Number of protein chains: 2
Amino acid sequence: MNQNDIQNFLQGLQSQVNGDALDEVVACCSFIQLTRGAKLIETGKRHPFLYLIVQGSAKSYYLSEGKEVCTWFAFEGEVVSTMSTFAGHPSNETVELLEDAALIRIHVKDFKALSVNRASVARLITEWVVEHAIFLESLLYLQSLPVKMRYEHILEARPEILQRVSLTDLASFLGMSRESLSRIRSAL
Amino acid sequence: MNQNDIQNFLQGLQSQVNGDALDEVVACCSFIQLTRGAKLIETGKRHPFLYLIVQGSAKSYYLSEGKEVCTWFAFEGEVVSTMSTFAGHPSNETVELLEDAALIRIHVKDFKALSVNRASVARLITEWVVEHAIFLESLLYLQSLPVKMRYEHILEARPEILQRVSLTDLASFLGMSRESLSRIRSAL
DNA sequence: CGGTTCCTTTGACTTAAGTCACAAAGTCAT
DNA sequence: ATGACTTTGTGACTTAAGTCAAAGGAACCG
(Lines give C-alpha, C1' and ligand atoms only; values in the text may rest on other atoms or scores of the structure.)
Protein backbone atom coordinates (compact mmCIF):
# COMPACT_ATOMS: atom_id res chain seq x y z
CA MET A 1 0.00 0.00 0.00
CA ASN A 2 1.55 3.28 -1.08
CA GLN A 3 0.79 6.97 -0.43
CA ASN A 4 -1.86 6.94 -3.12
CA ASP A 5 -3.62 3.92 -1.73
CA ILE A 6 -3.59 5.53 1.71
CA GLN A 7 -5.09 8.68 0.26
CA ASN A 8 -7.85 6.70 -1.43
CA PHE A 9 -8.57 4.78 1.73
CA LEU A 10 -8.84 7.97 3.77
CA GLN A 11 -11.11 9.52 1.17
CA GLY A 12 -13.31 6.45 1.33
CA LEU A 13 -13.90 7.24 5.03
CA GLN A 14 -15.79 10.34 3.95
CA SER A 15 -14.08 12.75 6.26
CA GLN A 16 -14.19 16.44 5.49
CA VAL A 17 -10.45 16.65 5.16
CA ASN A 18 -9.65 17.47 1.56
CA GLY A 19 -7.08 18.93 -0.76
CA ASP A 20 -3.83 20.13 0.79
CA ALA A 21 -4.92 19.18 4.29
CA LEU A 22 -5.48 15.61 3.14
CA ASP A 23 -2.03 15.50 1.56
CA GLU A 24 -0.59 16.63 4.86
CA VAL A 25 -2.52 13.98 6.76
CA VAL A 26 -1.32 11.31 4.36
CA ALA A 27 2.21 12.51 4.99
CA CYS A 28 1.98 11.47 8.64
CA CYS A 29 0.58 8.04 7.79
CA SER A 30 2.47 4.85 7.25
CA PHE A 31 1.26 1.44 6.22
CA ILE A 32 2.06 -1.57 8.37
CA GLN A 33 1.17 -5.23 8.51
CA LEU A 34 1.13 -7.22 11.74
CA THR A 35 0.17 -10.71 12.78
CA ARG A 36 -2.56 -11.96 15.06
CA GLY A 37 -1.76 -11.32 18.73
CA ALA A 38 0.40 -8.24 18.08
CA LYS A 39 -0.22 -5.47 20.59
CA LEU A 40 -0.90 -2.03 19.16
CA ILE A 41 -1.13 -0.37 22.55
CA GLU A 42 -0.04 -1.72 25.92
CA THR A 43 -1.37 -0.99 29.38
CA GLY A 44 0.82 1.45 31.26
CA LYS A 45 2.67 2.72 28.20
CA ARG A 46 2.30 6.00 26.41
CA HIS A 47 1.54 5.31 22.83
CA PRO A 48 1.83 8.01 20.20
CA PHE A 49 -0.03 6.34 17.34
CA LEU A 50 -3.55 6.06 16.02
CA TYR A 51 -4.42 3.21 13.70
CA LEU A 52 -6.93 2.76 10.95
CA ILE A 53 -7.85 -0.81 10.15
CA VAL A 54 -7.56 -1.62 6.45
CA GLN A 55 -7.98 -5.35 6.96
CA GLY A 56 -8.34 -7.42 10.13
CA SER A 57 -9.73 -6.92 13.60
CA ALA A 58 -8.66 -5.91 17.08
CA LYS A 59 -9.88 -5.99 20.65
CA SER A 60 -9.18 -3.69 23.57
CA TYR A 61 -9.12 -4.94 27.13
CA TYR A 62 -7.87 -4.27 30.61
CA LEU A 63 -7.09 -6.66 33.44
CA SER A 64 -9.32 -6.65 36.50
CA GLU A 65 -8.35 -9.10 39.23
CA GLY A 66 -6.28 -11.04 36.74
CA LYS A 67 -9.10 -11.40 34.26
CA GLU A 68 -9.41 -9.79 30.86
CA VAL A 69 -12.29 -7.36 30.57
CA CYS A 70 -12.85 -6.62 26.91
CA THR A 71 -14.10 -3.12 26.14
CA TRP A 72 -14.44 -3.07 22.38
CA PHE A 73 -13.74 -4.71 19.05
CA ALA A 74 -12.75 -2.91 15.88
CA PHE A 75 -12.96 -3.96 12.25
CA GLU A 76 -12.19 -2.67 8.75
CA GLY A 77 -12.52 1.09 8.35
CA GLU A 78 -12.52 1.83 12.06
CA VAL A 79 -10.14 4.04 13.99
CA VAL A 80 -8.24 2.29 16.76
CA SER A 81 -7.02 4.38 19.63
CA THR A 82 -7.62 4.97 23.28
CA MET A 83 -8.44 8.27 24.86
CA SER A 84 -5.12 8.03 26.67
CA THR A 85 -3.40 8.36 23.31
CA PHE A 86 -5.19 11.64 22.66
CA ALA A 87 -4.58 12.90 26.17
CA GLY A 88 -0.93 11.78 26.14
CA HIS A 89 -1.43 9.65 29.26
CA PRO A 90 -0.22 6.08 29.73
CA SER A 91 -2.91 3.75 28.41
CA ASN A 92 -5.32 1.96 30.72
CA GLU A 93 -5.93 -0.65 28.11
CA THR A 94 -4.17 -3.09 25.84
CA VAL A 95 -5.18 -3.25 22.20
CA GLU A 96 -4.44 -6.53 20.50
CA LEU A 97 -5.01 -7.87 17.01
CA LEU A 98 -7.50 -10.73 16.72
CA GLU A 99 -6.37 -11.54 13.19
CA ASP A 100 -3.43 -10.77 10.96
CA ALA A 101 -4.00 -7.17 9.96
CA ALA A 102 -3.13 -4.39 7.55
CA LEU A 103 -3.12 -1.00 9.22
CA ILE A 104 -2.56 2.66 8.55
CA ARG A 105 -0.59 4.16 11.38
CA ILE A 106 -0.82 7.87 12.16
CA HIS A 107 1.56 9.68 14.43
CA VAL A 108 -0.62 11.58 16.95
CA LYS A 109 1.91 14.32 17.56
CA ASP A 110 2.21 15.08 13.86
CA PHE A 111 -1.54 14.83 13.48
CA LYS A 112 -2.25 17.19 16.36
CA ALA A 113 0.38 19.59 15.06
CA LEU A 114 -1.51 19.67 11.76
CA SER A 115 -4.72 20.50 13.55
CA VAL A 116 -3.29 23.82 14.73
CA ASN A 117 -3.29 25.24 11.21
CA ARG A 118 -5.87 23.04 9.56
CA ALA A 119 -9.30 23.57 11.04
CA SER A 120 -10.62 20.60 9.05
CA VAL A 121 -8.12 18.32 10.82
CA ALA A 122 -9.06 19.80 14.20
CA ARG A 123 -12.69 19.08 13.41
CA LEU A 124 -11.86 15.54 12.37
CA ILE A 125 -10.13 14.93 15.70
CA THR A 126 -13.06 16.34 17.67
CA GLU A 127 -15.45 14.29 15.58
CA TRP A 128 -13.54 11.06 16.30
CA VAL A 129 -13.39 11.79 19.98
CA VAL A 130 -17.08 12.72 20.20
CA GLU A 131 -17.94 9.55 18.32
CA HIS A 132 -15.86 7.51 20.72
CA ALA A 133 -17.52 9.17 23.71
CA ILE A 134 -20.97 8.40 22.32
CA PHE A 135 -19.81 4.83 21.81
CA LEU A 136 -18.71 4.65 25.45
CA GLU A 137 -22.14 5.93 26.50
CA SER A 138 -23.71 3.10 24.53
CA LEU A 139 -21.46 0.61 26.35
CA LEU A 140 -22.62 1.94 29.70
CA TYR A 141 -26.18 1.49 28.60
CA LEU A 142 -25.39 -2.04 27.46
CA GLN A 143 -23.90 -2.92 30.85
CA SER A 144 -27.01 -1.65 32.60
CA LEU A 145 -29.14 -4.32 30.92
CA PRO A 146 -29.60 -7.89 32.21
CA VAL A 147 -27.19 -10.28 30.51
CA LYS A 148 -29.66 -11.87 28.15
CA MET A 149 -30.72 -8.48 26.81
CA ARG A 150 -27.06 -7.52 26.34
CA TYR A 151 -26.61 -10.43 23.99
CA GLU A 152 -29.83 -9.69 22.13
CA HIS A 153 -28.82 -6.06 21.81
CA ILE A 154 -25.48 -6.89 20.27
CA LEU A 155 -27.05 -9.52 18.03
CA GLU A 156 -29.27 -6.75 16.75
CA ALA A 157 -26.80 -3.88 16.61
CA ARG A 158 -23.52 -5.52 15.62
CA PRO A 159 -24.20 -9.01 14.28
CA GLU A 160 -20.83 -9.04 12.50
CA ILE A 161 -19.11 -9.22 15.89
CA LEU A 162 -20.62 -12.66 16.51
CA GLN A 163 -19.01 -14.03 13.38
CA ARG A 164 -15.51 -12.82 14.08
CA VAL A 165 -14.98 -12.94 17.81
CA SER A 166 -14.50 -15.92 20.12
CA LEU A 167 -17.20 -16.71 22.67
CA THR A 168 -14.68 -16.04 25.41
CA ASP A 169 -13.91 -12.52 24.21
CA LEU A 170 -17.55 -11.79 23.50
CA ALA A 171 -18.59 -12.93 26.99
CA SER A 172 -15.95 -10.70 28.50
CA PHE A 173 -17.15 -7.77 26.38
CA LEU A 174 -20.74 -8.39 27.44
CA GLY A 175 -19.71 -8.56 31.09
CA MET A 176 -20.80 -12.12 31.69
CA SER A 177 -19.24 -15.56 32.17
CA ARG A 178 -18.54 -17.75 29.15
CA GLU A 179 -20.98 -20.29 30.56
CA SER A 180 -23.80 -17.75 30.72
CA LEU A 181 -23.20 -16.66 27.16
CA SER A 182 -23.10 -20.25 25.99
CA ARG A 183 -26.44 -20.92 27.71
CA ILE A 184 -28.08 -17.79 26.35
CA ARG A 185 -26.92 -18.70 22.90
CA SER A 186 -28.13 -22.30 23.05
CA ALA A 187 -31.55 -21.11 24.26
CA LEU A 188 -31.67 -19.10 21.02
CA MET B 1 -22.54 38.16 37.63
CA ASN B 2 -21.36 40.38 34.77
CA GLN B 3 -19.01 39.88 31.81
CA ASN B 4 -16.01 40.54 34.01
CA ASP B 5 -17.04 38.01 36.59
CA ILE B 6 -17.57 35.45 33.85
CA GLN B 7 -14.12 36.19 32.47
CA ASN B 8 -12.56 35.75 35.89
CA PHE B 9 -14.44 32.51 36.45
CA LEU B 10 -13.29 31.14 33.10
CA GLN B 11 -9.71 32.15 33.82
CA GLY B 12 -9.94 30.34 37.15
CA LEU B 13 -10.59 27.13 35.19
CA GLN B 14 -7.05 27.31 33.85
CA SER B 15 -7.85 26.76 30.25
CA GLN B 16 -5.39 27.74 27.59
CA VAL B 17 -7.78 30.20 26.06
CA ASN B 18 -6.42 33.68 26.58
CA GLY B 19 -6.47 37.24 25.33
CA ASP B 20 -8.75 38.00 22.41
CA ALA B 21 -9.99 34.42 22.17
CA LEU B 22 -11.09 34.54 25.79
CA ASP B 23 -12.98 37.78 25.16
CA GLU B 24 -14.74 36.09 22.27
CA VAL B 25 -15.63 33.10 24.42
CA VAL B 26 -17.00 35.37 27.12
CA ALA B 27 -19.12 37.05 24.47
CA CYS B 28 -21.04 33.81 23.88
CA CYS B 29 -21.62 33.24 27.59
CA SER B 30 -24.55 34.33 29.65
CA PHE B 31 -25.20 34.01 33.35
CA ILE B 32 -28.36 32.33 34.59
CA GLN B 33 -29.84 31.19 37.87
CA LEU B 34 -32.27 28.29 38.14
CA THR B 35 -33.98 26.41 40.93
CA ARG B 36 -33.68 22.81 42.07
CA GLY B 37 -35.40 20.42 39.70
CA ALA B 38 -34.93 22.59 36.61
CA LYS B 39 -33.94 20.57 33.55
CA LEU B 40 -30.92 21.81 31.63
CA ILE B 41 -31.21 19.15 28.96
CA GLU B 42 -34.13 16.85 28.21
CA THR B 43 -34.17 13.39 26.67
CA GLY B 44 -35.13 13.46 23.05
CA LYS B 45 -34.48 17.15 22.54
CA ARG B 46 -31.64 18.85 20.77
CA HIS B 47 -30.05 21.24 23.15
CA PRO B 48 -27.64 23.88 21.92
CA PHE B 49 -26.06 24.93 25.24
CA LEU B 50 -23.17 23.96 27.43
CA TYR B 51 -23.22 24.96 31.08
CA LEU B 52 -20.54 25.70 33.62
CA ILE B 53 -21.58 25.35 37.23
CA VAL B 54 -20.72 28.39 39.30
CA GLN B 55 -22.73 27.23 42.30
CA GLY B 56 -24.94 24.18 42.81
CA SER B 57 -25.09 20.64 41.49
CA ALA B 58 -26.71 18.56 38.79
CA LYS B 59 -27.35 14.97 37.84
CA SER B 60 -27.72 13.30 34.48
CA TYR B 61 -29.92 10.26 33.97
CA TYR B 62 -31.86 8.25 31.45
CA LEU B 63 -34.89 6.05 31.89
CA SER B 64 -34.50 2.30 31.50
CA GLU B 65 -37.68 0.30 31.93
CA GLY B 66 -39.28 3.23 33.71
CA LYS B 67 -36.47 3.58 36.20
CA GLU B 68 -33.97 6.41 36.43
CA VAL B 69 -30.41 5.35 35.75
CA CYS B 70 -28.11 8.09 36.91
CA THR B 71 -24.89 8.48 34.91
CA TRP B 72 -23.11 11.36 36.59
CA PHE B 73 -23.20 14.23 39.04
CA ALA B 74 -21.60 17.62 38.50
CA PHE B 75 -20.57 20.31 40.97
CA GLU B 76 -18.96 23.74 41.06
CA GLY B 77 -16.42 24.40 38.32
CA GLU B 78 -17.52 21.49 36.16
CA VAL B 79 -18.76 21.56 32.60
CA VAL B 80 -22.23 20.17 32.08
CA SER B 81 -23.11 18.81 28.67
CA THR B 82 -23.83 15.61 26.91
CA MET B 83 -22.02 14.30 23.91
CA SER B 84 -25.28 14.68 21.99
CA THR B 85 -24.95 18.43 22.44
CA PHE B 86 -21.54 18.40 20.77
CA ALA B 87 -22.69 16.06 18.05
CA GLY B 88 -25.92 18.01 17.48
CA HIS B 89 -28.06 14.91 18.10
CA PRO B 90 -31.13 14.74 20.32
CA SER B 91 -29.99 13.97 23.85
CA ASN B 92 -30.19 10.47 25.31
CA GLU B 93 -30.18 11.88 28.79
CA THR B 94 -31.91 14.38 30.99
CA VAL B 95 -29.79 16.76 33.07
CA GLU B 96 -31.49 18.11 36.15
CA LEU B 97 -30.42 20.45 38.93
CA LEU B 98 -30.13 18.86 42.38
CA GLU B 99 -29.95 22.25 44.08
CA ASP B 100 -30.72 25.84 43.17
CA ALA B 101 -27.85 26.81 40.91
CA ALA B 102 -25.91 29.65 39.32
CA LEU B 103 -24.68 28.76 35.85
CA ILE B 104 -22.74 30.11 32.93
CA ARG B 105 -24.46 29.14 29.72
CA ILE B 106 -22.52 28.87 26.48
CA HIS B 107 -24.14 28.64 23.09
CA VAL B 108 -22.54 25.63 21.37
CA LYS B 109 -23.06 26.93 17.87
CA ASP B 110 -21.31 30.21 18.67
CA PHE B 111 -18.64 28.35 20.54
CA LYS B 112 -17.98 25.95 17.69
CA ALA B 113 -17.99 28.81 15.23
CA LEU B 114 -15.24 30.41 17.27
CA SER B 115 -13.19 27.23 17.13
CA VAL B 116 -12.88 27.52 13.37
CA ASN B 117 -10.61 30.54 13.66
CA ARG B 118 -9.30 30.12 17.17
CA ALA B 119 -7.19 27.01 17.48
CA SER B 120 -7.07 27.47 21.25
CA VAL B 121 -10.87 27.17 21.39
CA ALA B 122 -10.79 24.09 19.18
CA ARG B 123 -8.24 22.54 21.52
CA LEU B 124 -10.39 23.41 24.52
CA ILE B 125 -13.36 21.62 23.01
CA THR B 126 -11.32 18.53 22.21
CA GLU B 127 -9.84 18.62 25.69
CA TRP B 128 -13.29 18.69 27.30
CA VAL B 129 -14.51 15.85 25.16
CA VAL B 130 -11.40 13.75 25.79
CA GLU B 131 -11.79 14.39 29.49
CA HIS B 132 -15.42 13.34 29.35
CA ALA B 133 -14.50 10.20 27.41
CA ILE B 134 -11.88 9.27 30.00
CA PHE B 135 -14.52 9.85 32.65
CA LEU B 136 -16.89 7.50 30.81
CA GLU B 137 -14.13 4.88 30.71
CA SER B 138 -13.81 5.19 34.48
CA LEU B 139 -17.58 4.65 34.83
CA LEU B 140 -17.36 1.47 32.80
CA TYR B 141 -14.60 0.27 35.07
CA LEU B 142 -16.72 1.16 38.09
CA GLN B 143 -19.65 -0.86 36.78
CA SER B 144 -17.42 -3.88 36.27
CA LEU B 145 -16.72 -4.07 40.02
CA PRO B 146 -18.92 -5.89 42.56
CA VAL B 147 -21.35 -3.47 44.22
CA LYS B 148 -19.51 -3.14 47.52
CA MET B 149 -16.30 -2.17 45.76
CA ARG B 150 -18.20 0.39 43.71
CA TYR B 151 -19.23 2.16 46.86
CA GLU B 152 -15.74 1.97 48.34
CA HIS B 153 -14.28 3.28 45.14
CA ILE B 154 -16.54 6.33 45.09
CA LEU B 155 -15.98 6.87 48.81
CA GLU B 156 -12.29 7.05 48.02
CA ALA B 157 -12.38 8.95 44.75
CA ARG B 158 -15.29 11.38 45.13
CA PRO B 159 -16.23 11.61 48.82
CA GLU B 160 -17.97 14.96 48.21
CA ILE B 161 -20.66 13.14 46.23
CA LEU B 162 -21.78 11.31 49.36
CA GLN B 163 -22.46 14.59 51.12
CA ARG B 164 -24.54 16.15 48.41
CA VAL B 165 -26.49 13.40 46.73
CA SER B 166 -29.45 11.37 47.99
CA LEU B 167 -29.02 7.67 48.64
CA THR B 168 -31.54 6.98 45.91
CA ASP B 169 -29.59 8.87 43.27
CA LEU B 170 -26.29 7.47 44.47
CA ALA B 171 -27.61 3.89 44.34
CA SER B 172 -28.83 4.47 40.81
CA PHE B 173 -25.45 5.92 39.83
CA LEU B 174 -23.66 2.94 41.36
CA GLY B 175 -25.95 0.53 39.52
CA MET B 176 -27.44 -1.10 42.59
CA SER B 177 -30.70 -1.09 44.54
CA ARG B 178 -31.25 1.47 47.30
CA GLU B 179 -31.50 -1.40 49.78
CA SER B 180 -28.10 -2.77 48.80
CA LEU B 181 -26.48 0.63 49.18
CA SER B 182 -28.15 1.13 52.53
CA ARG B 183 -26.83 -2.23 53.73
CA ILE B 184 -23.32 -1.62 52.43
CA ARG B 185 -23.31 1.72 54.15
CA SER B 186 -24.57 0.43 57.48
CA ALA B 187 -21.93 -2.32 57.41
CA LEU B 188 -19.38 0.55 57.19
C1' DC C 1 -3.16 -40.42 12.03
C1' DG C 2 -3.40 -39.94 17.11
C1' DG C 3 -2.39 -36.91 20.66
C1' DT C 4 -2.22 -32.10 22.74
C1' DT C 5 -4.40 -28.17 23.57
C1' DC C 6 -7.88 -24.89 23.21
C1' DC C 7 -12.72 -23.58 22.99
C1' DT C 8 -17.47 -24.45 23.90
C1' DT C 9 -21.40 -26.89 26.01
C1' DT C 10 -23.97 -28.87 29.80
C1' DG C 11 -25.12 -30.02 34.63
C1' DA C 12 -25.22 -29.35 39.73
C1' DC C 13 -24.58 -26.19 43.12
C1' DT C 14 -23.51 -21.49 45.33
C1' DT C 15 -23.94 -16.78 46.08
C1' DA C 16 -24.38 -11.90 45.30
C1' DA C 17 -27.68 -8.83 44.80
C1' DG C 18 -32.57 -7.83 43.96
C1' DT C 19 -37.50 -7.69 45.45
C1' DC C 20 -41.13 -7.10 48.61
C1' DA C 21 -42.87 -5.53 52.74
C1' DC C 22 -42.81 -2.80 56.63
C1' DA C 23 -40.72 0.22 60.19
C1' DA C 24 -38.15 4.30 61.46
C1' DA C 25 -36.50 8.75 60.68
C1' DG C 26 -36.46 13.23 58.22
C1' DT C 27 -38.64 17.16 55.76
C1' DC C 28 -42.01 20.36 55.06
C1' DA C 29 -46.36 23.02 55.12
C1' DT C 30 -50.13 24.34 57.55
C1' DA D 1 -46.53 20.88 67.10
C1' DT D 2 -49.34 17.74 63.81
C1' DG D 3 -50.08 15.19 60.07
C1' DA D 4 -48.68 14.11 55.10
C1' DC D 5 -44.99 12.83 52.39
C1' DT D 6 -40.54 11.44 51.30
C1' DT D 7 -36.29 9.13 52.28
C1' DT D 8 -33.68 5.62 54.56
C1' DG D 9 -33.03 1.21 57.18
C1' DT D 10 -33.92 -3.91 58.23
C1' DG D 11 -35.65 -8.53 57.68
C1' DA D 12 -37.21 -12.60 54.99
C1' DC D 13 -37.25 -14.52 50.73
C1' DT D 14 -36.23 -15.05 45.57
C1' DT D 15 -33.59 -15.16 41.61
C1' DA D 16 -30.17 -14.14 38.12
C1' DA D 17 -25.88 -15.14 37.16
C1' DG D 18 -21.44 -17.06 38.70
C1' DT D 19 -18.42 -21.02 40.00
C1' DC D 20 -16.80 -25.56 39.70
C1' DA D 21 -16.40 -29.69 37.31
C1' DA D 22 -16.60 -32.77 33.59
C1' DA D 23 -17.20 -33.90 28.84
C1' DG D 24 -17.61 -33.09 23.69
C1' DG D 25 -15.73 -30.68 19.55
C1' DA D 26 -12.58 -28.21 16.64
C1' DA D 27 -8.10 -26.80 15.41
C1' DC D 28 -3.08 -27.70 15.49
C1' DC D 29 1.25 -30.30 15.07
C1' DG D 30 4.58 -33.59 14.71
Side-chain angles (χ1 to χ4, degrees), chain A residues 35-38 56-59 61-70 73 96-100 139-155 159 161-188, chain B residues 35-38 56-59 61 63-70 73 96-100 139-155 159-188:
Chain A
T35 55
R36 175 188 159 84
S57 55
K59 67 172 174 183
Y61 63 90
Y62 60 89
L63 295 178
S64 178
E65 287 149 64
K67 269 183 281 184
E68 260 187 48
V69 178
C70 184
F73 303 104
E96 186 179 314
L97 295 180
L98 292 173
E99 307 170 294
D100 294 352
L139 291 185
L140 272 166
Y141 173 71
L142 190 69
Q143 296 302 333
S144 80
L145 299 173
V147 295
K148 191 178 174 195
M149 289 179 69
R150 290 183 213 163
Y151 178 72
E152 287 166 354
H153 190 274
I154 224 66
L155 188 64
I161 287 186
L162 310 186
Q163 309 307 316
R164 298 182 67 178
V165 159
S166 76
L167 174 137
T168 303
D169 283 337
L170 182 59
S172 149
F173 171 72
L174 293 174
M176 68 180 82
S177 66
R178 281 172 295 177
E179 292 91 333
S180 291
L181 178 53
S182 180
R183 284 182 186 114
I184 287 167
R185 220 158 52 155
S186 70
L188 282 180
Chain B
T35 56
R36 176 188 159 85
S57 55
K59 69 172 174 183
Y61 63 89
L63 294 178
S64 179
E65 286 149 65
K67 268 183 281 185
E68 258 187 49
V69 178
C70 183
F73 302 104
E96 185 179 315
L97 294 181
L98 292 174
E99 307 169 293
D100 294 353
L139 291 184
L140 273 166
Y141 172 72
L142 190 68
Q143 297 300 334
S144 79
L145 299 173
V147 293
K148 192 181 173 195
M149 289 179 69
R150 290 183 213 163
Y151 178 73
E152 288 166 353
H153 191 275
I154 223 66
L155 188 64
E160 76 280 12
I161 288 185
L162 310 186
Q163 310 307 316
R164 298 182 67 177
V165 160
S166 75
L167 174 137
T168 303
D169 284 339
L170 182 59
S172 150
F173 171 72
L174 292 174
M176 67 179 81
S177 67
R178 281 171 294 171
E179 292 91 332
S180 290
L181 178 53
S182 181
R183 283 179 187 116
I184 287 167
R185 221 158 52 154
S186 70
L188 285 177

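To find a chain, count down the sequence lines: A is the first, B the second, and so on, and within it residues start at 1. Just so you know, these numbers come straight off a predicted model, no measurement behind them.
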Checklist outcome for this item: Each nucleotide of nucleotides 6-15 of chain D classed B (base within 4.0 Å of a protein heavy atom), S (only sugar-phosphate) or -, in 5' to 3' order, makes --BBBBB---
Item to check | Side-chain donor/acceptor of B:T35 to backbone N/O of B:D100, under 3.5 Å | outcome: no
Checklist entry - Hey, does the side chain of B:S180 come within less than 4.0 Å of C:dG18's phosphate (OP1/OP2), counting only N and O? => result yes
Checklist entry - Whole Å only: how far is the CG atom of B:L145 from the P atom of C:dA16? => result 15 Å
Next on the checklist: Please find the pair of heavy atoms, one from B:Y141 and one from B:H153, that lie closest to each other, and give the distance.
Outcome noted: CE2-NE2, 4.1 Å
Checklist outcome for this item: Between OH of A:Y151 and P of C:dT8 the distance, given in whole Å, is 12 Å
Checklist entry - Strictly by modelled atom types, are A:S57 and A:E99 linked by a side-chain donor-acceptor pair under 3.5 Å? => result yes
Next on the checklist: Counting primed atoms plus P, OP1 and OP2 as sugar-phosphate and everything else as base, spell out the protein contacts along nucleotides 22-30 of chain D at 4.0 Å heavy-atom distance: B, S or - for each nucleotide, 5' to 3'.
Outcome noted: ---------
Item to check | Cation-aromatic face contact A:K59/A:Y61, 6.0 Å, 45 degrees | outcome: yes
Checklist entry - Taking the side chain as C-beta and beyond, is there a heavy-atom pair between A:E68 and A:T168 under 4.5 Å? => result no
Item to check | B:S144-A:Y62 side chain donor-acceptor pair, cut-off 3.5 Å | outcome: yes
Scan the side chains in residues 176-184 of chain A for donor-acceptor partners under 3.5 Å anywhere in the protein, sequence neighbours excluded, and list what turns up.
from	atom 1	to	atom 2	distance (Å)
A:S177	OG	A:S180	N	3.1
A:S177	OG	A:S180	OG	3.0

Checklist entry - Atom CZ of B:R150 to atom P of C:dA16: distance rounded to whole Å? => result 14 Å
Next on the checklist: Is it the case that atom CZ in B:R164 sees more than 12 heavy atoms from other parts of the structure closer than 6.0 Å?
Outcome noted: yes
Next on the checklist: Does D:dT19 have its OP1 or OP2 closer than 4.0 Å to a side-chain nitrogen or oxygen of A:K67?
Outcome noted: yes
